[in-house]
Each structure stands twice: as structure tokens, then as C-alpha cells.
Amino acid sequence: MKLGNMLRDALRALLHKPVTVRYLTRAGEMVSVPERYRGKIVYDKEACIGCLLCIRTCPSGVITTTEEKKVSFNISRCVFCAQCAEICPTDAIRLGSDFEIVTSEKEDLIVQ
Amino acid sequence: MTEKFDEVKEVKVDYTRLRVPLGPVHPALKEPISLTVTVRREEILDVVIRLGHVHRGIEALAETRNLIQTLYLVERICGICSHSHTTGFVQALEEIGEIELSDRSLHLRSLIFELERMQSHLFLIGIMAYEIGFDTLFMFTWYEREKILDLFEEITGNRIHHSMNTLGGVRWDLSPSFVEKVNCSLNKIEKSAKYIQEVFQDKTVEKRLCGVGVLDYDEARELCVVGPTARGSGVKVDIRKAYPYAAYSELKDDFSVVLRNTADAQARTQVRILELFESINLIRAILEKLPDGPIYKESVIKLMKKIPEGEATSLVEAPRGELLYFVRTNGKEGLWRLNVRTPTIPNVLGLKPMLIGSEIADIPVTVASIDPCMACANRITVVDQDKRETIVTDLKNLRNRGKKQ
């Protein structure tokens, strides 16, 4: 590479805006995620008919049955493949845009 | 007194063979591999390669799950070539169940395949730059890779584990607005790829890469190395041309196999850079030809029930080379046997002839130049401790093992 090119690149890098984005933890100020992003599971209990197809296809054993013939999700085991959302006949399960799921309370990671 | 100082002492250094252990944990290595290098001064005389530090038992785990669950399990064999693994697995299942796919889903499979190839090649080009101490280029290359990962996130919803494949098709469709976005990103990436190509022809880079890790044509043929490692040695192997899968039979004229004859680390890097352009051409051709139609057939559960007992082998060209899947289903939604031959298994054998005769300082560059993925390549050998014998299994034994269970 020629010296001129190198100087041009160095100057451009100096004047360029940083490519990194600031991480803001307040809701509403966070980085926007695309429409199809697979985040924390959102469960509509009313729509669930208890067919348990999601349990049969879940690859990591996230989903368990409850006494009232509905399901509960343990997000700490989830791999976010969205197979449960795809198989659900009533669209009771969908994967939301929430990616901030780190918590100190285990109960926060259970969706019912 | 003076006499004593004038006396020249003859220091005798014994330049005999020294055995230097390198790894499994070593700053020069990205993943655990154990190299025992025998050296005389700086020259490498012999290398003993040992794998097996990150064995995860995925093949055995797959036998305890149903087909859909295994689909997401095989995706996690490798993060960089996750789409190749699912394609290999799903193709084998579709062969057993005689499921026919729509043209659109095949084209979308190829599209994600090529995007993944670009992502993987940019990843390795960055690693090569990092290994030769050119961190600026490393950052630059990975910044370009980020654009492809953003595309993945928009199309499939995830950066690394796309989960694009499903039984009988693909899971996400490509709308016209996405086509525009992909085209827009491709133009930017093409421009940057030309810049990267220019930087890799710089004298400082060439001095560090030329003549390092030479694996000549005959040795490459003998060791059956695959992918860019073989193509860098002048061996013309490409599954996309030889055994077309997905939509590659229709796209045969839109790409060519890149070959280099110098057989060193520079050649392997050049092959990868030029394949970036081939992938860009392919993606443009796919977007142009993209036929209309459904992207998947019917519910996965129904398809899974239909798959009978049987076995199939499928071959795909992963970014690192040929990837083989052997699948034997039990007809009850499960698997009797899953066998995966990842491209690193043959490529790692090429390390020995590459390293012998070179210098210690070239080890990191040589190891990186084959694009190793150690966790993919860890296999188990059955050792019977009572009889003190090692069992080497072959295809026939593997089949018998499937029948017994």
C-alpha cells in the first residue's frame, strides 16, 4: 500500500464517528431490534388450549405443564429458537423484543 | 591474571532435539488443541497433534431426542457454520422421508448459505490479520462481518444461530424490502472486500504469509483435505459443483471454483478473499432468480411422523469444506445413529506436513490458516480397559450398532 492511501485512511479514521453504540439501560432508549428478533417469550394464557405440542418440540426442556393444563416457561434454559411459537396452533406463544433478561432473582425467569 | 581473561572459553551447547508442548491452553491458540513439537533450535522436526479436550458428546445426545429437537442440537455443533449443519441434517431426513421442497425454499437455503460463507471467510481473514500482528486490519474485517450479521438478524431474527431450516423448507421468507436491503449491504461489502484484497497484497503481509505452512498438491490429495485448504493447494474440490444440493444445480454457471497453486498460508487466505466475490455474485444471482411459491410444506409434527425407518448420507460444502452427515432414523420420530464428519477432521491432519520444516514463530499463523474448529472435530475412540484394546469403528460397525439398539 502506498503512503498516501495509508495517510488518507488514518485521517478518515480520526474524523470518523465511532462505530460502537452506547448501551443505555433505560427502556425506550435502548438499541432498536429488528422486527423478527427473538427475545424473551411472551405467553398468552387465555389463548392457550393445552395441546402441549410446544413441549414435544422444545429442544432444551424449557416448557413444563402446570396443574390447570397450561404451560410455564423457564427462560434460563431457553435457546431462543422460536420453535414453540411456530408450532403453537393458536399463536399463544411469541418471542418478544426484550433482550435484557439478566436478573438476580430466579423467579423473574419463569413465564407463566 | 591477564592470561585468564584472554583465555577463550568454549561454550558447548547441545543442539539436540527438544520437545516443546504447545497447548491445550496457550495464548497463540484460539481453541484447545495439543501440539507436541520436537525442535532443533528454531526448526520444527516433528509434530504430534492431539485432539479431544472439548468433547461434548453431541452424537450420543442426539440419539435420545426426537428429530425436531435434534435439528436445534446439530445447529449448535458450530456457531460459525450453523446453517451448514442444519442443512446437512435436514437434507438427509428429507431423503429418507422423500419430501420434495419448493424452489423458493431451496433458493433461500442457498442464500443464507452464501451469506454464512462470507461471514465465516471474513472471520478467518480477520483472524489471519490478527495472528500476523495486524490488528487494524483485524478490526476492519470484523466490522464488515458485522454488516452480514445484521442482515442475518433482520432476515432470521438471530445473528449466529439462524434456525433457518426446518423439515420440508425454511422458516422465514424474504420480502421485497429485504431484497433491497441485502443488495444495498452487498454493494458496501463488495467495496470493502476489494479494499481488504488490496491490503493483503501489501509487502509486509506477504512477507509474513508467503512460504508459510506449505502443503503441496500431492500431500493435499493424500490427506484428503477439504475446502479452501485444499483449493489453496490446487486441488479442485467443491461439493457445490460436484454434488449440487439446495439450489446450486441451477446456479452452476454463476460461480467458479477459486484455485491457487502456491499452497501456503497466503494462498489459502487469497482463496477465501476471492470466494467473497464469488459469494457476492451468487447472492445477486439468487435474488434475481428467486422464484415464487411456498417456503414450507406442512406442520413439522406431521412431517416428523411420516419419516420412516431408514438411513441417508448428505454432503454439503460448509465454509470450511466438505461436511458429511450420516443419519439413521428409527421410524418412531427418533434417531438410531447420527454421524457427523466436520471439515476440520481431515484439515487438521494437514497441519503436520505444514509445520515440519518451518519455524516455531510460524505455528500460530499455520494453525489459523486452515480455519480450525476444534470443538467440531472432537471424537471418541472406544477403549476396552479389561481387554486393553482400542476399537476402531467403521461404517459397517456403526450400522450394526444402530441395529442392536
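In what follows, chains carry the letters A, B, and so on, assigned in the order in which the sequence lines appear, proteins first and then strands, with residues in each chain numbered from 1. Since the structure is predicted, the reported quantities are computational estimates derived from the model, not experimental observations.
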> For B:Asn66, is it the side chain, the backbone, both, or neither that has a heavy atom closer than 4.5 Å to a heavy atom of chain A?
Replying inline: side chain
>> Looking at B:Glu333 and B:Arg65, is any side-chain nitrogen of the basic one under 4.0 Å from a carboxylate oxygen of the acidic one?
In response: no
>> Is A:Pro34 in contact with chain B via its backbone, its side chain, both, or neither, using a 4.5 Å heavy-atom distance?
In response: side chain
> Using 30° and 60° as the class limits, which term best fits the ring planes of B:Trp142 and B:Phe123: parallel, tilted or perpendicular?
Replying inline: parallel
>> Please verify the inter-ring angle class for A:Tyr37 with A:Phe99; under 30° counts as parallel, over 60° as perpendicular, anything in between as tilted.
In response: perpendicular
> Side chain, backbone, both or neither: which part of B:Glu75 has a heavy atom under 4.5 Å from chain A?
Replying inline: neither
> What is the distance from atom OG of B:Ser163 to atom CD1 of B:Ile112, rounded to the nearest 0.5 Å?
Replying inline: 11.0 Å
> Heavy-atom distance under 4.5 Å to chain B: side chain of A:Glu35, backbone, both or neither?
Replying inline: neither
> Most heavy-atom pairs under 4.5 angstrom with chain A, which of B:Thr204, B:Thr70, B:Ile155?
Replying inline: B:Ile155
> Does CZ in B:Arg56 sit with more than 12 non-hydrogen atoms of other residues, nucleotides or ligands closer than 6.0 Å?
Replying inline: yes
>> Please classify the contact between A:Ala82 and chain B as side chain, backbone, both or neither, with a heavy-atom cut-off of under 4.5 Å.
In response: both
> What pair of heavy atoms forms the shortest contact from B:Glu94 to B:Arg109, and how long is it?
Replying inline: OE2-NH2, 3.1 Å
> Between B:Arg171, B:Glu153, B:His162, B:Glu154, which has the largest tally of heavy atom pairs under 4.5 Å with chain A?
Replying inline: B:Arg171
> Under 4.0 Å between a Lys/Arg side-chain N and an Asp/Glu carboxylate O for B:Glu144 and B:Lys147?
Replying inline: yes
> Which bit of B:Arg159 is near chain A, if near means a heavy-atom gap under 4.5 Å: side chain, backbone, both or neither?
Replying inline: neither
>> Tell me whether B:Asp173 is salt-bridged to B:Arg104, with the criterion being a basic N under 4.0 Å from an acidic carboxylate O.
In response: yes
> Considering residues, nucleotides and ligands other than B:Glu146, do more than 12 of their heavy atoms fall under 6.0 Å from its CD?
Replying inline: yes
>> Tell me whether B:Tyr130 at atom OH has more than 12 heavy atoms from other residues, nucleotides or ligands lying less than 6.0 Å away.
In response: no
> Which members of residues 46-55 of chain A, sorted by number, sit under 4.5 angstrom from chain B on a heavy-atom basis?
Replying inline: A:Leu53, A:Ile55
